[in-house]
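Just so we're on the same page: letters track the sequence lines, and every chain starts at 1. Remember, it's a predicted structure, so these values are computed and weren't measured experimentally.
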Amino acid sequence: MTIPDHSFYERDTLQVAKDLLGCKLLRRYKDSVLEGVIVETEAYKANDPACHAYKGKTPRSATLFKNPGLSYVYLIYGMYHCVNIVTEPEEIAGAVLIRALEPLESLDNTNGPGKLCRELKITKELNEIDVTSSESNLWIEKYQSIKPAQIVETARIGIKQATDWPWRFYIKDNKFISKK
DNA sequence: GATAAGATGTTA
DNA sequence: AACATCTTATCA
């Protein structure tokens with residue numbers, strides 16, 4: 001078991017989004033650990049109209065400009081949270097949205113960004129967590145290696161801007177991908 | 001099956 | 001007013 005360090009995240013967001021497929025997301029909660037395999041991601045970058053940081057730094061999006069390897073958690077539609085991992089060097093905005101997990105360890109279906117956050121008890125309290133340390137309450141470990149041929153690139157889901165950019169990635173034939 | 005609408009609150 | 005969502009209802 002190895003944990004990707006800051007240099008893993010301090011790269012192009014699209015590359016990180018692909019490389020995160022097959023890694024595990026782990027959440028320490030009340031003395032137990034909830035975990036799942038990342039099977040679907042989306043990339044968000046500074047020059048991307050759909051990115052929260054597109055119009056510059058705001059109180060919410062400031063996290064996206066910080067150190068790669070931090071978590072970025074926000075509330076969407078008033079009732080669900082979404083988790084991202086910050087990418088690119090400091091002061092350059094970028095993040096990878098984790099859209100779906102294949103459940104391990106006592107998780108129910110987590111085939112969507114809102115559902116997986118509810119299952120893993122991820123809330124705004126877990127914003128700006130260092131996911132490169134197993135001391136954190138939220139972190140990422142290497143798990144499976146995914147061959148490039150197993151990665152499918154498609155358009156992102158649930159956004160109104162830049163809907164034709166193929167910045168969504170998932171593991172081919174996996175049963176836990178979020179639906180349209 | 002498909003499509004529509006409602007819940008809900010933060011953001012800028 | 002929009003929103004990186006999900007569930008439930010109402011068709012067929």
> What nucleotide, of C:dT5, C:dA4, B:dA7, holds the atom closest to the side chain of A:M79?
Replying inline: B:dA7
>> Tell me the interatomic distance from A:W165, atom CH2, to C:dA4, atom P, rounded to whole angstroms.
In response: 15 Å
> When the nearest nucleotide of DNA chain B is assigned to A:Y80 and to A:K124 on a heavy-atom basis, which residue is associated with the more 5' position?
Replying inline: A:Y80
> Hey, is the side chain of A:Y77 pairing donor to acceptor with the base of B:dA7 inside 3.5 Å?
Replying inline: no
>> Does A:L75 reach a base, just sugar-phosphate, or nothing at all? Heavy atoms under 4.0 Å.
In response: sugar-phosphate
>> Distance check needed: B:dG1 P versus A:K179 NZ, whole Å only.
In response: 10 Å
> Of the candidate nucleotides C:dT5, B:dA12, C:dC3, which contains the atom at the shortest distance from the side chain of A:T58?
Replying inline: B:dA12
>> Just the rounded figure in Å: distance from C1' of C:dC3 to OH of A:Y74.
In response: 9 Å
> Does C:dT7 have OP1 or OP2 sitting under 4.0 Å from an N or O in the side chain of A:K115?
Replying inline: yes
>> Between A:R168 and A:E40 (salt bridge meaning N to carboxylate O under 4.0 Å), is one present in this structure?
In response: yes
> When we call it a touch if two heavy atoms are under 4.0 Å apart, what does A:R156 touch: a base, just sugar-phosphate, or nothing?
Replying inline: nothing
> Which part of the nucleic acid, if any, lies within contact of A:G114, taking any heavy atom under 4.0 Å across all strands shown: a base, the sugar-phosphate backbone alone, or nothing?
Replying inline: sugar-phosphate
> Is the shortest side-chain N to carboxylate O distance from A:K66 to A:E90 below 4.0 Å?
Replying inline: no
> Does A:D108 pair with A:K115 as a salt bridge, N-O distance under 4.0 Å?
Replying inline: no
>> As a test of reading the structure: which of B:dT10, C:dC3, C:dT5 is closest to the side chain of A:K160, going by heavy atoms?
In response: C:dC3
> When you check the gap from the basic side-chain N to the acidic O, do A:K57 and A:E91 get nearer than 4.0 Å?
Replying inline: yes
> Side chain of A:R60: nearest nucleotide among C:dC3, C:dA4, B:dT11?
Replying inline: B:dT11
>> Which nucleotide, if any, forms a Watson-Crick or G-U wobble pair with B:dT8, using both distances under 3.5 Å?
In response: none
> With no hydrogens and no angle check, do the side chains of A:E119 and A:T110 hold a donor and an acceptor under 3.5 Å apart?
Replying inline: no
>> Any strand counts, and the cut-off is 3.5 Å on both contacts for Watson-Crick or G-U wobble. Which nucleotide pairs with B:dA2?
In response: C:dT10
> When the nearest nucleotide of DNA chain C is assigned to A:A95 and to A:R118 on a heavy-atom basis, which residue is associated with the more 5' position?
Replying inline: A:A95
> Is A:H52 near enough to C:dA4 that one of its side-chain N or O atoms lies under 4.0 angstrom from OP1 or OP2?
Replying inline: yes
